Structure formats: structure tokens, C-alpha cells
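The chains referred to below are lettered A, B, ... by the order of the sequence lines, with proteins before strands, and numbering in each begins at 1. In this text, all values refer to a predicted model and were calculated from it rather than measured experimentally.
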Protein chains: 2
Amino acid sequence: MGTVVPVTRPDEPLSRAQRRAQTAERILSAARALFTESGYDRTTIRAVAAEAGVDPALVMQHFGTKDELFRRAITVSSEEAMGGGEEKLVELLLGILGVKLGEVSGTSLALLRSMLTYPEAAEQVRAANTRQLEQISGAIGGDDAELRAALTVSTLLGITIGRHLLGLDQLRTAGTDHIAEVMKPCLEALTGRQPPP
Amino acid sequence: MGTVVPVTRPDEPLSRAQRRAQTAERILSAARALFTESGYDRTTIRAVAAEAGVDPALVMQHFGTKDELFRRAITVSSEEAMGGGEEKLVELLLGILGVKLGEVSGTSLALLRSMLTYPEAAEQVRAANTRQLEQISGAIGGDDAELRAALTVSTLLGITIGRHLLGLDQLRTAGTDHIAEVMKPCLEALTGRQPPP
DNA sequence: GTCTATAAGCAGATAGAC
DNA sequence: GTCTATCTGCTTATAGAC
């Protein structure tokens, strides 16, 4: 169906299609780094091209528009998509906390950096949060479940922002385990059923 | 010392200086609204002028640069500056929570909207957070005080973002009191002394 | 004192040379 | 197939007419 690339030069190590795919990947990687650092508006096609060591026109050739470049840069292959399983409450939360505090995939940070000023990024973050929220809400149960889930997600979001995007010293220098340990009772209080007044 | 404005026209209700100050205030108000809505980069001098019903050149005449306009727009008169007193821990926290969840002064939201993409805004937010953090840290005491305080501030920040800037439904529709009620045990767990293992 | 007109620069996107 | 050169539009900021 036209996907087969005939090898015209057996001594050439990589086909043109392969080289092209490699270049696209390098551009995406550069774009991810710059979007993470400066956000959507302040990241220029020219800067991405320079970072990737290619011509600006080549970036347009590959992705058409800056918008599409961003979309591709913040789209995960299919793996993470926020710890997908059916785990149980606290483990789920600490999992999210671990993921968000640990490496925090480059795609996530690139997305979060622009969420307050680039409407499409905001929409994606809302969607991701809604998915997390439904998982947590279902695990909590009760009247306040949705509110509690929303507060939990927002709390984790705030810590991620403080640590990775704002760079608050006390959060940058603390270890992941330490933070998780301190946050655990807090998250339990937030997700546990409230005692009767 | 030249500050006295002689009244040349007794029948004129306002002096020129007064009218000028009024116009400046209207420009600042318009700027605050647009900075809050769209952030620093996407807010143009032209749009601010249009919103205030004045000429773009007049905005420059008053504030010189866009940078200075932003600085003036997010500078509070002197009052709030984050509930300044010497209150006691939980009350302090709920106070901050109340302030952040309630009206959240326009200046604060304008500042928060740009904190991830406009370096000067980020610096201001870090500074404000540090002040809060020191208050809370002092009230907590103990080894983890600073970390706990940082996590507390980040938590409140996350909720403010989710509610007012991202517009998460579950947080927008919930009442301030309800949120405070649900968050109280969580904040107590975060700021209370940890039980010995 | 206020606004028209314009300068100067940079963005994303396009067309055509090689 | 890749890059040079350019187009078009929009920004902040300035200079000068009224």
C-alpha cells in the first residue's frame, strides 16, 4: 500500500524515510524542550529549528503550523497517559504524586507550562484532570466525592507547579520520598470519608 | 513646590490633573482585566486602550512601557499583601484560603495568570510565596517546617489555579465554605507535627 | 495635551532557486 | 528534497501635526 520504501542504495546505512523520521524526532525533542522552558507564545519556530540544527523551513515542511508542532510535541506515544490502571485510592494517589514529582514526562511539563496562557493547552489539561478526577472520585465515593477529587487533583497540580515550573527552593531540594511521606496524611484526610459532626 | 494646581476655571468640575488621574485609573483597570484574562504576552497595548476607551498613544504617555503598565497593574495599593497579621496557624491558613478562594483581588489573578510564562511575574509570585512560607513555617516549627510550609502554599496555589484560572467545574461551582470545610483536615495534617513512627 | 502617522522589528508562513 | 529570500501582518514605541 505504498508504505514500502525500496532500497535504491544498498550501501547507504539509512533510507531517506528513516533519516526524515529521525529529523522529525529531533525537531520534536527540541520543541518539547523550548515549549517547556518558555511556553507556547515565546517559543519561535526559528528557535526550535536552531536548537534542532535544521532550517526553519524544514520545521514547517514537517508540521505545517506552529499549532500542529505543539500538538505533536505534547502528545504522548500512548504509554503514560496518567497511570492508567485500576489501582486502589491511596496507591493511585501516591502513584500520581510519584509520577508528577519524579521525572514528570517532558510532554507533561511542556503542556503545563502553557496551560494558563494558551487556550488549547488549558483544554488539554482540563481533559487530563477530568480523567484523573473520575478515577479518584469513583474510589472515594460519598456526597463530596467529586469535590474532594477535584481538590486532590488541584493539590497535586499545585505541588508539581511549585516544584518544576516555579522552582520553589524548598520543593526543588526535597527528595521525592520525603515529599510523598509528608503528603500522605494530607491526602488521606482529603480522600477519606469525613467523620460525622 | 509646584504641586499646587491653580484653578483657572472655577466652573470646571474637575481639574486637568484630576481628569488625568482618573484616566490613568481607568487604563489600569482595563489592563488588569485583560492581563487576568489573557496573560502578559497576549495582552496588547492597543487592546487595553480600546477597553479603556482611550488612544493607544495615551497609554504609552502614562506608563512609558508595557512592562511598567503591568507592574503598576499588579501592584496593590498597600492593603492586602496577603493577610499580614500575626495570627495562629490554622486561622492563618484558612484566612489565606478564604482570601484566595473568595474574591481574590484582581491584582493577584492578573499576576498568577502570567507567572508561568512571564519571568517577572514568576519572580513576584515566588517572592509572595516566600513571605507566606516564612509565616507558616514559623508557626509550624520542627524539622520539616519549611518543606511542610512550601507544600501548604503550593496546595493553596493549586486550588486557586484550578478554581479561578483553569476553571475546573467542581471547584467553580462549590461554595467557599464548603471547600474550606473539606480542606481543613487536610491542612491540619499537613501543618501538624507528625506522629512518631 | 491629545491623537495621527509612522518607524523599526519580529513573528509565522510561502514561493522558488539549487 | 533542502534552504534562501520574501511576503504579510502585528507588535511596541516614537515623532510630529493639531
Side-chain angles (χ1 to χ4, degrees), chain A residues 2 5-9 12-28 30-31 34-35 37-73 114 117-121, chain B residues 2 5-9 12-28 30-31 34-35 37-73 114 117-121:
Chain A
V5 180
V7 179
T8 55
R9 292 257 222 130
E12 197 98 66
L14 265 60
S15 72
R16 265 192 289 267
Q18 282 173 320
R19 281 196 62 83
R20 188 175 165 82
Q22 262 193 355
T23 301
E25 204 51 54
R26 214 168 65 244
I27 292 172
L28 278 179
L34 294 186
F35 281 138
E37 208 178 319
S38 314
Y40 181 84
D41 288 327
R42 290 173 114 92
T43 296
T44 66
I45 301 272
R46 286 165 161 83
V48 170
E51 177 82 9
V54 300
D55 192 274
L58 192 61
V59 177
M60 301 303 293
Q61 193 57 237
H62 272 272
F63 301 98
T65 67
K66 183 182 176 181
D67 223 82
E68 180 64 20
L69 174 63
F70 182 80
R71 221 170 290 137
R72 294 280 301 275
S114 299
T117 43
Y118 183 44
E120 188 170 319
Chain B
V5 181
V7 179
T8 55
R9 292 256 223 129
E12 197 97 65
L14 265 60
S15 71
R16 265 192 289 266
Q18 281 173 320
R19 281 196 63 83
R20 186 174 167 83
Q22 262 193 354
T23 300
E25 204 50 54
R26 216 169 62 243
I27 292 172
L28 278 179
L34 294 186
F35 281 138
E37 207 178 321
S38 314
Y40 181 83
D41 288 327
R42 290 171 115 91
T43 296
T44 66
I45 300 272
R46 285 165 160 82
V48 171
E51 177 84 9
V54 301
D55 192 275
L58 193 61
V59 177
M60 301 302 294
Q61 191 57 236
H62 273 272
F63 301 98
T65 66
K66 184 182 175 181
D67 223 82
E68 180 64 19
L69 174 62
F70 182 80
R71 220 169 291 137
R72 294 280 302 274
S114 299
T117 43
Y118 183 44
E120 188 170 319

Quick one: [X] [atom1] to [N] [atom2], roughly how many Å, whole number?
X        : N       : atom1 : atom2 : result
Gln61(A) : dG16(C) : CD    : P     : 15 Å
Arg20(B) : dT2(C)  : CZ    : P     : 6 Å
His62(A) : dT14(C) : NE2   : P     : 16 Å
Asp41(A) : dT11(D) : CG    : P     : 12 Å
Phe63(A) : dG12(C) : CZ    : C1'   : 16 Å

Nearest of [options] to any side-chain atom of [X]?
X        : options                   : value
Met60(B) : dT4(C), dC3(D), dA13(D)   : dA13(D)
Lys66(A) : dA13(C), dT2(C), dT11(D)  : dA13(C)
Thr44(B) : dA13(C), dT11(D), dT14(C) : dT11(D)
Leu58(A) : dT11(D), dT2(D), dG12(C)  : dT2(D)
Asp55(B) : dT4(D), dC3(C), dA11(C)   : dC3(C)

Practice prompt. Could you check Ile45(A) against Pro56(B) and say which one's nearest nucleotide on DNA chain C is further toward the 5' end?
Written response: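 Taking each residue's closest nucleotide, the earlier one in sequence belongs to Pro56(B).
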Item to complete: Classify the nucleic acid contact of Thr43(B) as base, sugar-phosphate or nothing, counting any heavy atom under 4.0 Å across all strands shown.
Response: sugar-phosphate
Item to complete: Count the heavy atoms belonging to other residues, nucleotides or ligands that lie under 6.0 Å from CZ of Arg72(B), then report whether that count exceeds 12.
Response: no
Discussion item. Rounded to the nearest 0.5 Å, what separates atom CG in Asp55(A) from atom CZ in Arg46(A)?
Written reply: 10.0 Å
Worksheet item: Side-chain N or O of Arg19(B) less than 4.0 angstrom from OP1 or OP2 on dG1(C)?
Response: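 Answer no for this pair, as no side-chain N or O of Arg19(B) is under 4.0 Å from OP1 or OP2.
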Discussion item. So, OP1 or OP2 of dT11(D): does either fall under 4.0 Å of a side-chain N or O from Arg42(B)?
Written reply: no
Discussion item. Looking at the base of dG12(C), is there any donor atom on it, or on the side chain of Arg46(A), that sits under 3.5 Å from an acceptor on the other one?
Written reply: yes
Fill in: Heavy-atom closest pair, residues Thr43(B) and Ser38(B)
OG1-CB, 3.9 Å
Worksheet item: Does a side-chain heavy-atom distance below 4.5 Å link Glu37(B) with Leu34(B)?
Response: yes
Fill in: Side-chain (Ser114(A)) to main-chain (Tyr40(A)) donor-acceptor, under 3.5 angstrom
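Side chain of Ser114(A) to backbone of Tyr40(A), a donor-acceptor pair under 3.5 Å: yes, one is there.
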